[in-house]
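These notes concern the structure reproduced below.
All values reported here derive from a predicted model rather than from experimental measurement.
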Amino acid sequence: PHTLGNITPGEVVVRVEKEGFYEWTTSALIQPNDHKILDIVLKEKVGNINVNSMPEGANVYLVNSNGDEKLIGQTPVLNYTASIGDYNVRLEKEAYFNEVKSITVKVGETSDISYLLKKKPGTITVNTNPKNARIFLDGIYKGRSPMQLTNLPEGCLLYTSPSPRD
């Protein structure tokens, strides 16, 4: 608490300001030897955020300018109330690359942000018994086992064929 002393008796105007909050103003009548207590609750300035992604179901993290983050739900997130200011919005979904975008939340406004998530490629390690089998991916010869195939798109068809005896 902050105490103000030596106030001349009479009517005074009290104004309280804090960044990110609405200003609060009142008048008070001060009598000699009077002690007034003002318990003030400031109203925060807020806006809303809508977050969508394709595909849906990604975890949505709101990261403020101090680096503090908060999980606010899974897409779609609609009408999430946030303090005004600048944020990074990070999306995470299993088997997809994380995506981050920046937004500014303004008083009384709704900020919309959308993501098109990209699938992570897959990896296949092919071990055969016996070794030296031919490996085909989507009908294209890739080499002989054992072999690791990386950066594979979803839906690839793997085929192995025993090598003819030399």
Side-chain angles (χ1 to χ4, degrees), residues 1-2 15-24 39-166:
H2 189 76
R15 185 176 78 222
V16 180
E17 299 175 348
K18 181 172 174 63
E19 187 175 336
F21 292 81
Y22 289 100
E23 180 182 289
W24 184 89
D39 291 317
I40 303 165
V41 177
L42 298 178
K43 185 177 177 187
E44 188 173 19
K45 293 180 179 179
V46 296
N48 290 315
I49 301 171
N50 291 333
V51 185
N52 291 291
S53 70
M54 188 54 135
E56 293 182 344
N59 288 332
V60 180
Y61 295 88
L62 194 60
V63 185
N64 68 17
S65 57
N66 294 326
D68 301 323
E69 69 178 35
K70 179 179 182 181
L71 174 64
I72 63 170
Q74 289 188 331
T75 57
V77 172
L78 301 175
N79 294 314
Y80 180 82
T81 301
S83 303
I84 60 170
D86 296 324
Y87 295 91
N88 284 327
V89 179
R90 185 178 78 245
L91 267 62
E92 294 181 0
K93 184 171 175 70
E94 183 72 29
Y96 290 84
F97 288 106
N98 294 347
E99 295 284 339
V100 178
K101 292 184 181 180
S102 297
I103 61 164
T104 299
V105 176
K106 297 179 181 175
V107 176
E109 294 184 13
T110 299
S111 300
D112 293 304
I113 191 164
S114 294
Y115 295 79
L116 179 58
L117 300 177
K118 296 176 186 168
K119 244 194 189 268
K120 291 180 179 177
T123 299
I124 298 175
T125 301
V126 180
N127 297 310
T128 62
N129 187 4
K131 294 182 180 181
N132 205 29
R134 293 176 294 183
I135 300 171
F136 296 84
L137 186 66
D138 288 337
I140 300 171
Y141 176 74
K142 294 294 182 179
R144 295 183 180 267
S145 66
M147 171 181 260
Q148 185 175 59
L149 301 167
T150 60
N151 295 319
L152 302 176
E154 182 177 19
C156 289
L157 180 62
L158 177 68
Y159 173 73
T160 58
S161 173
S163 298
R165 297 192 180 236
D166 294 320

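With respect to the salt-bridge test (charged N to carboxylate O, under 4.0 angstrom), the residues Lys101 and Glu99 do not qualify.
Between Leu152 and Pro121, every side-chain heavy-atom pair lies at or beyond the 4.5 Å cut-off. Between Leu117 and Pro55 there is a side-chain heavy-atom pair separated by less than 4.5 Å. For the pair Asn50 and Thr110, the minimum side-chain heavy-atom distance is below 4.5 Å. For the pair Ser111 and Lys106, the minimum side-chain heavy-atom distance is 4.5 Å or more. Here the side chains of Ile135 and Leu137 are not in contact, with every heavy-atom distance at 4.5 Å or above. The closest side-chain heavy-atom distance from Tyr80 to Val60 is not below 4.5 Å.
Residues passing the salt bridge (Lys or Arg N to Asp or Glu O under 4.0 Å) test with Lys119, sequence neighbours excluded: Glu154.
Between the side chain of Ser145 and the backbone N or O of Val126 there is no donor-acceptor pair closer than 3.5 Å. A donor-acceptor contact shorter than 3.5 Å links the side chain of Lys93 to the backbone of Glu56. Distance alone, capped at 3.5 Å, places no donor-acceptor pair between the Asn66 side chain and the Asp68 backbone. Side-chain N or O atoms of Thr128 include one that pairs as donor or acceptor with a backbone N or O of Pro130 at under 3.5 Å. The closest donor-acceptor contact from the side chain of Thr75 to the backbone of Val51 lies at 3.5 Å or more, if one exists at all.
The two atoms that bring Tyr115 and Val89 nearest to each other are OH-O, 2.6 Å, heavy atoms only. Nearest approach of Ile84 to Gly20, heavy atoms of both residues: CD1-CA, 4.1 Å.
For the atom pair NZ (Lys142) and CE (Met147), the distance works out to 8.5 Å, reported to the nearest 0.5 Å. For the atom pair CG of Asn127 and CD of Gln148, the computed distance is 9.5 Å after rounding to the nearest 0.5 Å. We find the CG-OG1 distance between Asn151 and Thr123 to be 6.5 Å, quoted to the nearest 0.5 Å. Within the model, atoms OG of Ser65 and CG of Asp86 stand 7.0 Å from one another, a figure rounded to the nearest 0.5 Å. Taken from CD in Gln74 to CD in Glu92, the straight-line distance is 11.5 Å, to the nearest 0.5 Å. Atom NZ of Lys118 and atom CZ of Phe97 lie 8.5 Å apart (nearest 0.5 Å).
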Worked verdict on Val105 versus Ile49 for side-chain contact (heavy atoms from CB on, under 4.5 Å): CA-CA 7 Å; Val105 176; Ile49 301 171; 3.8 Å; yes
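Shown here is Glu23, whose CD atom has more than 12 heavy atoms of other residues, nucleotides or ligands within 6.0 Å.
Put simply, the residue from Ile103, Thr104, Ile113, Val63 that forms a side chain to side chain contact (heavy atoms under 4.5 Å, CB included) with Tyr87 is Ile103.
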